[in-house]
Protein chains: 2
Amino acid sequence: MSDEDANPGAAPTLEQARKQIARYGLETDPQAVLVAVRLMAAGARLDRASEVHFARSGLSTGRYRLLVDLEDSDGEKSPSQLAKSLGVSRATVTGLVVGLEREGLVARRASTEDGRGAVVVLTARGSQRLRDMAADHFARLEALVGGLAADERGLFLDLLERITQRIDALTAE
Amino acid sequence: MSDEDANPGAAPTLEQARKQIARYGLETDPQAVLVAVRLMAAGARLDRASEVHFARSGLSTGRYRLLVDLEDSDGEKSPSQLAKSLGVSRATVTGLVVGLEREGLVARRASTEDGRGAVVVLTARGSQRLRDMAADHFARLEALVGGLAADERGLFLDLLERITQRIDALTAE
DNA sequence: ACCAGATGATTAGGAAGCTAACTATATGGG
DNA sequence: CCCATATAGTTAGCTTCCTAATCATCTGGT
């Protein structure tokens, strides 16, 4: 270990994990810790990069995901349903919709069936925005994963799925 | 596709990816898109879960990472070095240190070598906080990855590494 | 038919990250 | 030796997310 970290992107090493575990006299598998920590670091980095990417189209990651969700649902959906499928709180959906409405990418209507409810509608302009982004967006996603062969992608999805299933265990009781 | 999403945790499907790509007449590999999107979703979910997890010890993910980084560096480091190794901005480090200092987990000293510089020092109390958290923390990390066999963990790390290397490509140009 | 409790949406306020701008100190070329 | 430029740290202001509280409406048990 020299004076410099030589590790600017914040990717921890197996050696660091090992040392931390030893420091507290634990028996944990260092590699398991490394997987968890690296996944968190990768997630955070990807998150920031996504924001930059979407900002180029005048959107944020959250707003883009909401538009896509809307388009996948024939252009309309209630805020509560959006919150559920996007995995964010209803309050967050309110904020996203306010921003998107201001730019004319979605519109809000009162629900006809439920006096409390609202319906968020994708506008022609919102739909066009998605269309404008599509080619570049999907190309970049493909580039991100381009280092993996087809069978490796399937494998990665399987492994990732088996980790994400247990995310709740991180906070459970 | 019924009325309900049956997919509350926000994990997109291959079918959705395929439909989106088809909608815009693109040639992108749906599985590649799925990998990218799932990784982003997993990262975001893990991030929130981490905050909840660390909040139980009165910390945030960022504050915890700073304390650990400090301990890995013999208990002291400059804010700039911390920013680099944590992969966050200097301004963020200032904020984290302010909070940690308020709780007595770190202290700030002026650098003896550089009149501009400062040194963040891990206090006994900060060190103790890490010690108190260790057993539970590492056990939870191990549980998170517990669905993977040892060789699968290595494989996952390799695949993840090959994706994260390309994160910059998402925003390049 | 009514009231209690559930549910939909919003608002208010907080935390963590960012960039840009500011202050103070170092450093190096002329 | 001095001034231009670079670097360290902080501050101000923005965004996104969150939880908790509020208000309106719906629903079910008596």
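Each chain gets a letter, A, B and so on, in the order its sequence line appears, and its residues count up from 1.
Across the protein-nucleic acid pair, Leu96(B) atom CG and dT10(D) atom P stand 12 Å apart, rounded to whole Å. What separates CG of Leu86(A) from P of dC18(D) is a distance of 10 Å, to the nearest Å. The nearest whole Å value for the distance from the CZ atom in Arg45(B) to the C1' atom in dC18(D) is 16 Å. Whole-Å rounding puts the Arg56(A) CZ to dT15(D) P distance at 19 Å. Going from atom CG of Leu46(B) over to atom P of dC17(D) covers 17 Å, rounded to whole Å. As rounded to whole Å, 7 Å separates atom P of dG8(C) from atom NZ of Lys84(A). Taking atom CE of residue Met40(B) and atom P of nucleotide dT16(D), one finds them 16 Å apart after rounding to whole Å. In this structure, Gln81(A) atom CD and dA9(C) atom P are separated by 9 Å, rounded to whole Å.
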Under 3.5 Å, which protein N or O atoms sit close to an N or O of nucleotides 1-7 of chain D? Give each pair with its distance.
unit_1: dT7(D); atom_1: O2; unit_2: Arg116(B); atom_2: NH1; d: 2.7

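Mapped onto DNA chain C by nearest heavy atom, Val97(A) and Arg48(A) fall at different nucleotides, with Val97(A) at the one closer to the 5' end. Along DNA chain D, the nucleotide nearest to Ala91(A) and the one nearest to Arg108(B) differ in position, and the one closer to the 5' end is contacted by Arg108(B).
The residues Arg153(A) and Asp29(B) are annotated as salt-bridged, a charged nitrogen and a carboxylate oxygen being separated by less than 4.0 angstrom. Salt-bridge annotation for Arg48(B) and Glu51(B): absent, with no side-chain N of the basic residue lying under 4.0 Å from a carboxylate O of the acidic one. Salt bridge absent: Asp69(A) and Lys84(A) never bring a charged side-chain N and a carboxylate O closer than 4.0 Å.
Counting any heavy atom pair closer than 4.0 Å across all strands shown, Ser89(A) reaches a base atom. Residue-level contact check: Asp47(B) touches neither bases nor backbone, having no heavy atom under 4.0 Å from any strand. At a threshold of 4.0 angstrom between heavy atoms, the contacts of Ser111(A) with the nucleic acid are absent. Residue contacts shown for Val88(A) are limited to sugar-phosphate atoms, with no base heavy atom under 4.0 Å away.
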Check your understanding: Please, what dot-bracket string fits DNA chain D when only Watson-Crick and G-U pairs with both distances under 3.5 Å count, crossing ones use [ ] and pairs to another strand use |?
Key -> ||||||||||||||||||||||||||||||
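If you check dA26(C), dA16(C), dC18(D) against the side chain of Asp114(B), the one that comes closest is dA26(C). Nearest nucleotide to the side chain of Thr94(B), out of dC17(D), dT19(D), dT11(D): dT11(D).
Of all the heavy atoms in Val37(A) and Pro12(A), the pair that sits closest is CG1-CG, 3.1 Å.
Between the side chains of Glu142(A) and Thr28(B), no donor-acceptor pair is found at a separation under 3.5 Å. Gln20(A) and Asp72(B) are linked by a side-chain donor-acceptor pair at a separation below 3.5 angstrom, with hydrogens and angles left out of the test.
The shortest distance between side-chain heavy atoms of Arg56(A) and Met133(A) does not fall below 4.5 Å. Side-chain contact between Glu71(B) and Leu67(B): absent, with no pair of heavy atoms (C-beta onward) separated by less than 4.5 Å.
Between Phe138(A) and Tyr24(B), the angle of the ring planes lies from 30° to 60°, which puts this pair in the tilted group.
Between Thr92(B) and the phosphate of dA16(C), there is no side-chain N or O to OP1/OP2 separation shorter than 4.0 Å.
When each of Leu122(B), Thr123(B), Leu105(B), Val120(B) is checked for a side chain to side chain contact (heavy atoms under 4.5 Å, CB included) with Leu100(B), only Leu105(B) meets the rule.
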